[in-house]
Amino acid sequence: MAVNLTELSLPQLEGLKGQLEQEIEFLTSSIGQLKVVQTKYVEAKDSLSVLNKDNAGKELLVPLTSSMYVPGTLSDVEHVLVDVGTGYYVEKNVEDTREFFKRKIDFLTKQIEKIQPALQEKHAMKQAVIEVMNMKIQQLHSQQTSQSGTAKA
């Protein structure tokens with residue numbers, strides 16, 4: 001359903017502008033959240049590089065919380081436990097894990113690419129609404145000026 005913006009009143013345009021601003025905020029937030037998750041997967045995939053035969057038996061720090069660690073020894077460099085969501089962990093070999101992270105990263109990239117055009121479209125629509133609003137305000141202003149000019153005469 002196409003709406004001619006010039007047929008809308010200023011309050012209707014203001015409401016539409018507010019709605020578009022909310023949609024822009026939501027889409028921007030969604031992209032931001034997807035990028036955060038994507039970064040986590042990229043970092044996890046990059047972390048797999050330390051799992052090689054040269055590092056077997058080496059000491060490392062194991063995180064208990066984000067700020068507390070305990071010493072540990074890297075015993076298995078061929079398998080990892082992968083969080084696949086909702087509290088489930090799956091044991092995978094390093095190559096399968098690398099592929100798993102690659103698929104997740106690719107999926108998130110595609111989702112971001114799907115949202116980006118919608119965000120650009122909402123920005124363009126908001127700009128069009130602002131332009132029509134400015135035009136209508138100019139018209140009201142010029143009408144008031146001409147009416148005050150004829151009232152003085």
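The structure presented is a predicted model; accordingly, all values stated were derived computationally and were not measured.
Within the 4.5 Å cutoff, side-chain heavy atoms of L13 are placed close to those of K136. With a 4.5 Å cut-off on side-chain heavy atoms, L5 and M133 do not count as touching. Between Q138 and S142 there is no side-chain heavy-atom pair separated by less than 4.5 Å. Residues E121 and M125 meet the side-chain proximity criterion, which asks for heavy atoms closer than 4.5 Å. Looking only at side-chain heavy atoms (C-beta outward), L60 and V62 come within less than 4.5 Å of each other.
For residues 8-18, the pairs satisfying side-chain hydrogen bond (donor to acceptor under 3.5 Å, both in side chains) are S9-Q12, with sequence neighbours left out.
In the hydrophobic clustering of this structure, V90 groups with F100; members are Ile, Leu, Val, Met, Phe, Trp, Tyr whose side-chain heavy atoms approach within less than 4.5 Å, directly or through other members. Grouping the Ile, Leu, Val, Met, Phe, Trp and Tyr side chains by contacts below 4.5 angstrom, directly or via other members, places Y88 with V80. Under the 4.5 Å side-chain heavy-atom criterion for ILVMFWY residues, no single connected hydrophobic cluster contains both I31 and L20. L119 and I130 sit in two unconnected hydrophobic clusters of ILVMFWY residues. Membership requires side-chain heavy atoms under 4.5 Å apart, directly or through other members. Under the 4.5 Å side-chain heavy-atom criterion for ILVMFWY residues, no single connected hydrophobic cluster contains both Y69 and V50.
With T109 as the partner, the side chain to side chain donor-acceptor pair (under 3.5 Å) test is satisfied by one option alone out of Q38, K114, K104: Q38. Test R103, K102, K110 against D106 for salt bridge (Lys or Arg N to Asp or Glu O under 4.0 Å) and you get one pass: K102.
Below 30°, between 30° and 60°, or above 60°: for F101 and Y41 the angle between ring planes is between 30° and 60°, a tilted geometry.
Under the 3.5 Å distance criterion, the side-chain polar atoms of T73 are left unmatched by any main-chain donor or acceptor of S75. In terms of modelled atom types and a separation under 3.5 Å, the side chain of N52 and the main chain of N55 share a donor-acceptor contact.
Across all their heavy atoms, I112 and K35 have their closest contact at CD1-CG, 3.6 Å. Residue K45 comes nearest to I105 through the heavy atom pair CD-CD1, 4.0 Å, listed as atom of the first residue, atom of the second, then distance. D76 and L51 get closest at one heavy-atom pair: O-CD2, 4.4 Å.
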- Trace of the side-chain hydrogen bond (donor to acceptor under 3.5 Å, both in side chains) decision for E23 with Q19: CA-CA 6 Å; E23 291 174 14; Q19 181 182 346; 3.2 Å; yes
- Query: Do K92 and E99 pass the salt bridge (charged side-chain N to carboxylate O under 4.0 Å, His left out) test, and can you show the C-alpha distance, the side-chain angles, and the key distance before you say yes or no?
  - Reply: CA-CA 10 Å; K92 291 179 171 283; E99 279 302 309; over 6 Å; no
- Message: Run the side-chain contact (heavy atoms from CB on, under 4.5 Å) test on D96 and V82 for me, step by step, so that the C-alpha distance in whole Å, both residues' side-chain angles and the decisive distance to 0.1 Å come before the verdict.
- Response: CA-CA 10 Å; D96 288 347; V82 181; over 6 Å; no
- Just do the side-chain contact (heavy atoms from CB on, under 4.5 Å) check on H79 and V94 with the steps written out, would you? CA-CA 6 Å; H79 299 91; V94 173; over 6 Å; no
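Separating the OG1 atom in T6 from the CD atom in Q139 is a distance of 9.0 Å, to the nearest 0.5 Å. Rounding to the nearest 0.5 Å gives a distance of 10.5 Å between CG of L108 and NZ of K40. Atom-to-atom distance recorded for K122:NZ and L27:CG is 7.0 Å, nearest 0.5 angstrom. Annotation: the span from L140 atom CG to M135 atom CE amounts to 10.5 Å, rounded to 0.5 Å. Atom CG of residue L61 and atom CE of residue M68 lie 12.5 Å apart, to the nearest 0.5 angstrom. E113 CD to Q116 CD: the interatomic distance, rounded to the nearest 0.5 Å, is 8.5 Å.
No side-chain donor-acceptor contact under 3.5 Å links Q147 and Q143.
Open room surrounds CD on E25; 12 or fewer heavy atoms of other groups in view lie less than 6.0 Å from it.
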